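The block underneath contains the structure these notes are about, expressed in structure tokens.
All of these numbers come straight from a predicted model, not from anything done at the bench.
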Amino acid sequence: QLQLVESGGGLVQPGGSLRLSCAASGFTLEHYSIGWFRQALGKEREAVSCISDSGGSTWYADFVEDRFAISRDNAKNTVYLQMNSLKPEDTAVYYCQGVTTVRAMCVMKNPREYDSWGLGTQVTVSS
């Protein structure tokens, strides 16, 4: 299985920024599309963003509203999620996941259909 480790979360004020990292542990990320999901307290896990294996195609949930940017550095075996203009409603545990590639685009399934997740990284946006 694809072993991924999330990091970079923390406590920030509204309007602040964080950069999350998703690093492969002992496995190359080069041929995988990667998605970011999040799960807020009391809510279901939801898709946030994904990037294709080539890095040429990205997708963002509507609630992102141009505030986030996903990128990858295959040389470092890492995918990033730069999050700016953070809102309290962004508070959640953020997870990364290997996702499907279709026509060179990343495709995120219902989060319930993935049977393996890492520990995630906590993002808290609060005054």
Side-chain angles (χ1 to χ4, degrees):
Q1 72 280 6
L2 184 60
Q3 298 180 19
L4 301 172
V5 178
E6 303 92 342
S7 63
L11 173 64
V12 296
Q13 296 183 3
S17 298
L18 286 171
R19 188 179 74 162
L20 308 184
S21 296
C22 173
S25 178
F27 193 84
T28 182
L29 223 52
E30 183 177 8
H31 301 296
Y32 292 88
S33 294
I34 299 294
W36 284 97
F37 299 78
R38 71 185 186 185
Q39 185 169 25
L41 185 64
K43 295 186 177 181
E44 296 295 316
R45 190 177 272 114
E46 63 181 346
V48 177
S49 179
C50 66
I51 186 166
S52 64
D53 50 3
S54 69
S57 180
T58 60
W59 174 89
Y60 300 92
D62 287 344
F63 61 73
V64 169
E65 299 175 328
D66 292 329
R67 298 177 299 126
F68 301 170
I70 191 169
S71 62
R72 67 190 302 152
D73 186 341
N74 287 338
K76 297 182 178 180
N77 224 21
T78 302
V79 170
Y80 303 98
L81 184 67
Q82 177 68 47
M83 304 189 297
N84 302 315
S85 302
L86 285 163
K87 305 175 180 179
E89 51 263 46
D90 295 316
T91 296
V93 178
Y94 284 70
Y95 304 86
C96 59
Q97 177 73 243
V99 300
T100 305
T101 307
V102 177
R103 292 184 176 272
M105 297 184 294
C106 56
V107 178
M108 306 177 82
K109 299 191 297 184
N110 187 310
R112 301 184 188 92
E113 299 186 34
Y114 297 99
D115 56 17
S116 181
W117 298 91
L119 296 177
T121 185
Q122 175 71 51
V123 171
T124 302
V125 185
S126 176
S127 298

Just wondering, more than 12 heavy atoms not from [X] lying within 6.0 Å of its [atom1]?
{"X": "Asn110", "atom1": "CG", "answer": "yes"}
{"X": "Lys109", "atom1": "NZ", "answer": "yes"}
{"X": "Glu89", "atom1": "CD", "answer": "yes"}

Can you find a heavy atom in the side chain of [X] that is under 4.5 Å from one in the side chain of [Y]?
{"X": "Leu4", "Y": "Ile34", "result": "yes"}
{"X": "Val79", "Y": "Tyr32", "result": "no"}
{"X": "Thr91", "Y": "Gln122", "result": "yes"}
{"X": "Val64", "Y": "Ser49", "result": "no"}

What is the minimum heavy-atom distance between [X] and [Y], and which atoms define it?
{"X": "Asn77", "Y": "Leu29", "value": "OD1-N, 2.6 Å"}
{"X": "Val123", "Y": "Leu18", "value": "CG1-CD1, 3.8 Å"}
{"X": "Gln82", "Y": "Arg19", "value": "OE1-CB, 3.5 Å"}
{"X": "Arg38", "Y": "Asp90", "value": "NH1-OD1, 2.9 Å"}
{"X": "Gln39", "Y": "Glu44", "value": "CG-C, 4.1 Å"}
{"X": "Leu119", "Y": "Glu6", "value": "N-OE1, 3.8 Å"}

Hey, would you say the Trp117 and Phe37 ring centroids sit under 6.0 Å apart? yes
Between Ser57 and Met105 (side chain of the first, backbone of the second, donor and acceptor by atom type, cut-off under 3.5 Å), is there such a pair? no
Side chain of Arg72, backbone of Gly55: donor and acceptor closer than 3.5 Å? no
Are [X] and [Y] connected in the hydrophobic side-chain network, where two residues link if heavy atoms are under 4.5 Å apart?
{"X": "Ile70", "Y": "Leu20", "value": "yes"}
{"X": "Leu81", "Y": "Trp59", "value": "no"}
{"X": "Phe63", "Y": "Ile51", "value": "yes"}
{"X": "Val93", "Y": "Val48", "value": "no"}

Look up atom OH in Tyr80 and atom OG in Ser7, then write down how far apart they are to the nearest 0.5 Å. 9.0 Å
Got a second to check how far Asn74's CG is from Asp53's CG, nearest 0.5 Å? 8.5 Å
Trace of the side-chain contact (heavy atoms from CB on, under 4.5 Å) decision for Leu86 with Phe68: CA-CA 9 Å; Leu86 285 163; Phe68 301 170; 3.9 Å; yes
Before giving the answer on side-chain contact (heavy atoms from CB on, under 4.5 Å), spell out for Arg45 and Tyr114 the whole-Å C-alpha distance, their side-chain angles and the decisive distance to 0.1 Å. CA-CA 11 Å; Arg45 190 177 272 114; Tyr114 297 99; over 6 Å; no
Do Thr101 and Ser33 have side-chain N/O donor and acceptor atoms under 3.5 Å apart? yes
